[in-house]
Structures are given as C-alpha cells and as structure tokens.
> 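This is the structure I want to talk about, given as structure tokens.
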Amino acid sequence: MTSGVAAVPLPPLIDGEQLPALLERPDVRLLDVRWALDGSKGEHTYLEGHLPGAVYIDLPTQLAALARPAAGRHPLPEPEDFAAVLRAAGISTHTTVIAYDDTDGSQAARLVWMLRALGQDAALLSGGMAAWDGPLETGPVQVEPGDVPARAWPAERIASADDVAAGKALVIDARAPERYRGESEPMDPRAGHVPGAINLPFTGNTDEQGRFWPAPRLRERFIAAGVPEDGEVIVYCGSGVTATHNLLALEAAGFQPPRLFPGSWSQWSADPDRPVATGPNP
C-alpha cells in the first residue's frame, strides 16, 4: 500500500477528492454500472470511455435475476450467480469496491448496497464520472479472477411484501411524486403506492450535478419527513434499484441501515390482493 490511506471500511459515499488516494491502494477495484432502461447506455458507452481500470457491470443481467411477477422486475440474483459476477470482475473477499455511473448514482447505488449488505467494503462515487477529472480509458479491462464466496442475502437487510404490509415499519417510496400519487405509471400493473408509505423521491438526495448533499443536510431531510432515529425503516421504488439510493443516503446520514423491499412496486402492484393507495397522502 503506497498511499498511506488506512484500510478502514469506507463510508457509503465518497467524493472525487478522495478517489485518487484510494486508487493507489492495491485492494481497490473500480466498477462501472452505467445503464439506461432504453438501452442508450450500457457496455457500449463503457467501451467508449471509462475510469482507468474500471470493469463493467451490467445492471439488469448481473445485478438482478430474471423478472417475474411474484418477485418484481429486478429481483436480487441468487448468491452463487452474484458471486460469479464478482469473481469475474476481480473481486475477492478483501477487495474494496468503488462503483460509479454517469448520473446521480441511481444505477451504481444498487451494486454498492448489495455489496455492503453482504459485508463487502464498498462505496458509491458521488457525482459519478463527472467527479473524475483525469483521463479516461477505452476498451475492456482484463483482470485476474477473484475468489469471493457466495453469500446469502442477510434477512435483516431484506423486507418481504408481508413485512411491508405488517405496518410495523416506516415505509418509504423512493419514486417520483407523480408515480406515488398514481397519476402516472409507465411500467407496472397498477398506479399508486403502498398504503401508509411516505414519498421521499431519491432525486432529493443530490444537487443539480448529481452529487449527494452533505450528511447534515441529508439528515435534516429524513428527520423532517419523520424517519425515526432507531425505528425500523423499509424502502421501495419501482423495481428495487433506485430505492438503494435512499438506503445509502440514510446510512450516510447516520441512520441505522434500513431494509430494502427488492420486489418493490413492480411486485406489490402485480398482486391483486395487495391494496393500493393514490393521492399525495400515505
């Protein structure tokens, strides 16, 4: 280790000023998670230019299992499948991962949350590619395979639809307000939100440049919304991707790690027995 940076666990979010020193550590691996639903971003944009040494991770095929109504559009992958993805990306048990995308972190947050939930040291680069002012590298990056083992998803970090319905936790909907209110639903079977859920869109975690607000401001946001200091919190979105943006922001703000409802609205709305609320109120 040449930088003098102590190999202590990273916070969930880092900024561009921290990145150069971290990249001097031999245990650090960069992962690129650029993706867009319409196909405009993905491995082809990675190949055109990425942070030096970064390995590409495809969100829909490597950070999710096949979609199915009973589990939503982006279910968590099976532990062995995810471990195989990580090993191919050069990840070992003691690797520290820094993930990024080219927007507000809403894609790369999924990978960072998955890794941190499994006990792997990982952080999200706040501001994404724009936070890097060095040269970019083109083409694929070849790495030695890692040896990270398969690890089961920890029950204390995951919530089921029944957990959401139980009413024992504060439930946060991270989607856009119009989807929460039921005025628009471009992808899922029914419009609206889980009854009792409050709306805290993930976009409120960042400034206009896609950089996360400082921890005190994030904390003010969540406290003003009624997020409890020590109580149970469950977060969902459309399919369990952008909800992880809120999960990392909550952790960065000093709250106990909340739980993710991986199936999110895509699972809940596909079940006709689950009630749906509309309008601006929980």
Side-chain angles (χ1 to χ4, degrees), residues 5-19 21-22 28 33 96-101 103-128 131 153-159 163-164 166-175 180 194 196-237 240-262 264 282:
V5 176
V8 296
L10 293 180
L13 309 171
I14 64 164
D15 59 39
E17 293 180 355
Q18 298 169 276
L19 187 57
L22 287 167
V28 169
V33 198
T96 292
V97 173
I98 299 173
Y100 69 89
D101 53 41
T103 57
D104 50 15
S106 54
Q107 299 118 54
R110 166 83 167 203
L111 172 60
V112 172
W113 178 85
M114 291 166 70
L115 291 169
R116 291 178 71 87
L118 293 173
Q120 185 92 28
D121 195 23
L124 176 67
L125 178 59
S126 178
W153 299 109
E156 67 272 14
R157 304 297 292 272
I158 306 293
D163 293 329
V164 173
K168 297 179 180 179
L170 174 70
V171 179
I172 297 175
D173 184 319
R175 297 175 301 158
Y180 172 85
V194 172
I198 66 170
N199 186 213
L200 279 175
F202 76 92
T203 51
N205 297 326
T206 56
D207 63 18
E208 292 180 355
Q209 284 73 48
R211 297 171 300 195
F212 280 77
W213 296 113
R217 178 161 177 170
L218 290 172
R219 189 169 183 83
E220 289 176 5
R221 179 188 191 221
F222 294 128
I223 288 177
V227 178
E229 296 277 356
D230 300 314
E232 186 178 354
V233 177
I234 298 171
V235 186
Y236 76 90
C237 57
V241 174
T242 57
T244 59
H245 199 276
N246 271 7
L247 293 170
L248 296 184
L250 282 159
E251 187 179 350
F255 291 87
Q256 292 298 311
R259 290 195 286 169
L260 172 69
F261 172 29
S264 285

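Bear in mind the structure is a predicted one, so any value in this text is a computation, not a measurement.
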> For Val235 versus Pro258, what's the shortest heavy-atom pair and its separation?
CG2-CB, 4.3 Å
> Restricting to non-hydrogen atoms, name the atom on Ala131 and the atom on Ser126 that form the minimum distance, rounded to 0.1 Å.
CB-O, 3.5 Å
> Out of curiosity, Ile98 CD1 to Leu19 CG, how far, rounded to the nearest 0.5 Å?
5.5 Å
> For Val194, is there any backbone N or O sitting under 3.5 Å from a side-chain donor or acceptor partner on Tyr236?
yes
> Could you go step by step and tell me if Val171 and Ile198 meet the side-chain contact (heavy atoms from CB on, under 4.5 Å) rule?
CA-CA 6 Å; Val171 179; Ile198 66 170; over 6 Å; no
> Short question: side chain of Asn199, backbone of Asp173 - any donor-acceptor pair under 3.5 Å?
yes
> Any side-chain to backbone donor/acceptor pair from Asn246 onto Leu200? Under 3.5 Å, distance only.
yes
> Which atoms form the tightest heavy-atom contact between Ala243 and Cys237, and what is the distance?
N-SG, 3.2 Å
> Flag the pair Ile223 / Glu229 as yes when at least one side-chain heavy-atom distance between them is below 4.5 Å, and no otherwise.
yes
> Would you please test Trp113 and Arg157 for side-chain contact (heavy atoms from CB on, under 4.5 Å) and show each step?
CA-CA 10 Å; Trp113 178 85; Arg157 304 297 292 272; 3.8 Å; yes
> What is the minimum heavy-atom distance between Val33 and Gln107, and which atoms define it?
O-CB, 3.3 Å
> Donor-acceptor pair, distance only, cut-off 3.5 Å: does the side chain of Asp121 make one with the backbone of Leu10?
yes
> What is the minimum heavy-atom distance between Gly240 and Arg110, and which atoms define it?
O-NH1, 2.7 Å
> Rounded to the nearest 0.5 Å, what's the gap from CG on Leu115 to CG on Leu124? Could you check?
11.5 Å
> Quick one: CG on Asp104 to OG1 on Thr206, what's the gap to the nearest 0.5 Å?
5.0 Å
> Once rounded to the nearest 0.5 Å, what's the spacing between atom CD1 of Ile158 and atom CG of Leu260?
5.5 Å
> In terms of heavy-atom contacts, does CD of Glu17 have more than 12 from other residues, nucleotides or ligands at under 6.0 Å?
no
> Rounded to the nearest 0.5 Å, what separates atom CG in Asn205 from atom CH2 in Trp213?
10.5 Å
> Hey, does Asp230 have a side-chain heavy atom less than 4.5 Å from the side chain of Phe255?
no
> Side chain of Tyr180, backbone of Ala197: donor and acceptor closer than 3.5 Å?
yes
> Can you give me the closest heavy-atom contact between Ala169 and Val233, atom names plus distance?
CB-N, 4.3 Å
> Looking at CE of Met114 and OG1 of Thr244, how far apart are the two atoms once the value is rounded to the nearest 0.5 Å?
9.5 Å
> For the residue pair Asp163 and Phe261, establish whether any side-chain heavy-atom pair is separated by less than 4.5 Å.
no
> For the backbone of Asp15 and the side chain of Gln18, can you confirm whether one donor and one acceptor N or O come within less than 3.5 Å of each other?
yes
> In the structure I gave you, are the side-chain heavy atoms of Val112 and Val97 within less than 4.5 Å of one another anywhere?
no
> Measure the acute angle between the ring planes of Phe212 and His245, then classify it against the limits of 30° and 60° as parallel, tilted or perpendicular.
parallel
